[in-house]
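Below is one structure, written out as structure tokens; the observations come after it.
Predicted model, so just to flag it, every value in this text is computed and none were measured.
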Amino acid sequence: MFSGIGWSEFMILLVAALVILGPERLPGAVRWTTRALRQARDYASGATTQLRQELGPEFEELRKPLADLNELRQMNPRTMVTKHLLNGDDSLLRDLESQLPNKNDLYGGTTGAAQQYPMPAPQKPLERNERPPIDTDAT
């Protein structure tokens with residue numbers, strides 16, 4: 001449920017709750033929140049089991065399109081090619097990746113493609129009140 005919240009965000013929320021509620025009301029608020037979350041989870045699981053009991057085998061037929069949709073959400077071009085064109089065998093793609101030059105060679109090294117395509121030299125920063133150059137082809 002809280003997989004998108006890291007430890008730093010959690011600590012910020014905890015400090016904000018401590019400042020807003022104060023140390024005397026914070027434990028009661030935490031108890032109320034956990035009780036409400038537990039009750040909501042119980043309601044959701046109870047509704048799922050009741051639906052499963054009432055629909056019987058039709059419930060699994062209802063879940064199949066949702067599982068297919070979830071599978072489509074996880075697709076990217078590589079998995080599409082692997083699944084549909086290569087029958088799940090991605091050894092060909094791994095072999096092609098092993099033949100590609102490393103990113104270090106392209107951007108920081110002195111071998112391979114880095115010699116053919118050097119990085120452009122950094123431009124000097126604009127002076128105070130200096131206007132940036134205008135590219136008439138881009139506008």
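- Every residue two or more places apart in sequence or in another chain that forms a side-chain contact (heavy atoms from CB on, under 4.5 Å) with R94 is listed here: R78, D90, S91.
- Atom CG of L55 is separated from atom CD of Q50 by 10.0 Å, given to the nearest 0.5 angstrom.
- M80 and L86 fall into different hydrophobic clusters, where Ile, Leu, Val, Met, Phe, Trp and Tyr side chains are chained together by heavy-atom contacts under 4.5 Å.
- L37 is not listed as a side-chain neighbour of T34, based on a closest heavy-atom distance of 4.5 Å or more.
- Residues L21 and V30 fall within the same hydrophobic cluster, defined by Ile, Leu, Val, Met, Phe, Trp and Tyr side chains chained together at heavy-atom separations under 4.5 Å.
- When only modelled atom types and interatomic distance are considered, D95 and S98 share no side-chain donor-acceptor pair under 3.5 Å.
- Atom CE of M75 and atom CD of E71 lie 5.0 Å apart (nearest 0.5 Å).
- In plain terms, the two heavy atoms of P27 and P23 that are nearest each other are CD-O, 3.4 Å.
- In the displayed structure, E58 atom CD is contacted under 6.0 Å by at most 12 heavy atoms of other residues, nucleotides or ligands.
- Cluster membership for V81 and L92, using ILVMFWY side-chain heavy atoms within less than 4.5 angstrom, is shared.
- In this structure, H84 NE2 and T79 OG1 are separated by 8.0 Å, a value rounded to the nearest 0.5 Å.
- A distance-only check finds a donor-acceptor pair linking the side chain of E9 to the backbone of G6 [under 3.5 Å].
- With values rounded to the nearest 0.5 angstrom, Q74 atom CD is found 10.5 Å from L69 atom CG.
- One hydrophobic cluster, built from ILVMFWY side chains closer than 4.5 Å, cannot hold both W7 and L14; they sit in different ones.
- Among residues at least two apart or in separate chains, there is no salt bridge (Lys or Arg N to Asp or Glu O under 4.0 Å) pair with a member in residues 37-57.
- Residues F10 and I12 are members of separate hydrophobic clusters, defined by side-chain heavy-atom contacts under 4.5 angstrom among Ile, Leu, Val, Met, Phe, Trp and Tyr.
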